[in-house]
Amino acid sequence: MRASTPEPKVGDLIEIFRPFYRHWAIYVGDGYVVHLAPPSEVAGAGAASVMSTLTEKAVVKKELLYDVVGRDKYQINNKHDDKYSPLPPSKIVQRAEELVGQELPYSLPCENCEHFVNELRYGVARSDQVRDAVMAAGIAGVGLAAMGLIGVMFSRNKRQKQ
């Protein structure tokens, strides 16, 4: 995917396709990204980084994009540009650089890497990945409940016929 991915511009959101989830970073220029990662995570961790979701603290890191991506695929994804006005690139980089090295609270549902980069680009912390997972779980739960209800009705109907 690297060959077909255009060179990111300063302030672009970078979506990295890790196994089981997506990691997010923000491009700050000269081949570097800033991202929120657990202190123990090494660049290009891939599947091993799924354990990072279990931590309560994370560190803001500035690393080379290709080191963070490792063998995973990535894309530029400024998906909220139609909803929110991006901050000026110089402001995004300034805010990102000021946070590098800081340890921040980390919580999968409300303070994850996607919240972090959206806050930097738009001034709005949000994670569609979390929203989508919650919706999928809700839909699955409704589906299971409906199947259970159908099963009860079917068995009740079967007993009445006997």
Side-chain angles (χ1 to χ4, degrees), residues 1-47 49-140 142:
M1 192 166 186
R2 286 189 190 142
S4 64
T5 302
E7 185 65 27
K9 293 189 270 314
V10 171
D12 278 345
L13 298 182
I14 308 296
E15 181 180 21
I16 303 164
F17 298 93
R18 302 274 197 241
F20 311 115
Y21 76 104
R22 295 175 309 242
H23 183 60
W24 290 84
I26 195 153
Y27 190 74
V28 294
D30 297 325
Y32 283 89
V33 294
V34 170
H35 63 119
L36 189 62
S40 62
E41 184 172 297
V42 295
S49 67
V50 78
M51 295 307 290
S52 69
T53 61
L54 305 175
T55 186
E56 291 182 6
K57 295 279 184 192
V59 175
V60 179
K61 297 181 178 184
K62 180 178 179 181
E63 299 175 295
L64 286 169
L65 170 62
Y66 292 115
D67 287 344
V68 175
V69 170
R71 294 182 179 199
D72 297 324
K73 294 181 183 201
Y74 77 94
Q75 70 180 5
I76 297 165
N77 189 351
N78 300 319
K79 63 184 176 177
H80 299 302
D81 282 7
D82 59 337
K83 272 185 211 115
Y84 309 111
S85 294
L87 296 170
S90 60
K91 179 81 170 167
I92 294 169
V93 172
Q94 177 190 354
R95 293 173 72 205
E97 296 275 359
E98 287 171 355
L99 292 169
V100 171
Q102 290 188 31
E103 187 174 79
L104 301 177
Y106 183 90
S107 162
L108 195 56
C110 56
E111 295 175 308
N112 68 37
C113 59
E114 188 176 3
H115 290 102
F116 176 75
V117 297
N118 280 311
E119 174 72 31
L120 287 171
R121 183 170 175 85
Y122 305 109
V124 177
R126 67 176 286 170
S127 175
D128 295 342
Q129 190 169 198
V130 169
R131 186 202 64 215
D132 294 348
V134 168
M135 284 179 58
I139 291 168
V142 168

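Atoms considered below: every heavy atom in the structure, side chains included; atoms not considered: hydrogens, waters and symmetry mates.
Heavy-atom minimum distance, G11 versus R121: O-NH1, 2.6 Å. The two residues V117 and A25 make their nearest non-hydrogen contact at CG1-C, 3.5 Å. Closest of all the heavy-atom pairs between L87 and G123 is CD1-N, 4.2 Å. When all heavy atoms of Y106 and L36 are compared, the closest pair comes out as CD1-CD2, 4.1 Å. Residues I26 and A96 come closest through the heavy atom pair CG2-CB, 4.5 Å.
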>> Let's go through V10 and I92 carefully: what are the C-alpha distance in whole Å and the side-chain angles of both, what is the deciding distance for side chain to side chain contact (heavy atoms under 4.5 Å, CB included) to 0.1 Å, and is it a yes or a no?
In response: CA-CA 8 Å; V10 171; I92 294 169; 5.9 Å; no
>> Working note: V28 + V33, criterion side chain to side chain contact (heavy atoms under 4.5 Å, CB included); need CA distance, chi angles, decisive distance, verdict.
In response: CA-CA 5 Å; V28 294; V33 294; 5.8 Å; no
> Does the pair Y74 and V68 meet the rule for a side chain to side chain contact (heavy atoms under 4.5 Å, CB included), with working shown?
Replying inline: CA-CA 10 Å; Y74 77 94; V68 175; over 6 Å; no
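A distance-only check finds no donor-acceptor pair linking the side chain of D12 to the backbone of Y27 [under 3.5 Å]. No donor-acceptor pair closer than 3.5 Å links the side chain of D30 to the backbone N or O of Y32. With hydrogens and angles ignored, the 3.5 Å screen pairs a side-chain donor or acceptor of E114 with a backbone N or O of D128. Remark: side-chain polar atoms of R95 are paired, donor with acceptor, to backbone N or O of E119 under 3.5 angstrom. Side chain of N78 to main chain of L13: a donor-acceptor pair is present (N/O by atom type, distance under 3.5 Å, no hydrogens or angles).
Residues L104 and V60 have side chains in contact (heavy-atom distance under 4.5 Å, counting atoms from C-beta outward). Using a 4.5 Å cut-off on side-chain heavy atoms (C-beta onward), L120 and L99 make contact. Contact check for P19 versus D72: side-chain heavy atoms found under the 4.5 Å cut-off. Counting heavy atoms from C-beta outward, P86 and D81 have side chains that approach closer than 4.5 Å. Residues W24 and N77 meet the side-chain proximity criterion, which asks for heavy atoms closer than 4.5 Å.
Under the side chain to side chain donor-acceptor pair (under 3.5 Å) test applied with E15, the options Q75, K79, H23 reduce to a single match, Q75.
Enclosure of atom OH in Y122 by more than 12 non-hydrogen atoms of other residues, nucleotides or ligands within 6.0 angstrom is indicated.
We find the NZ-CD distance between K57 and Q102 to be 11.5 Å, quoted to the nearest 0.5 Å.
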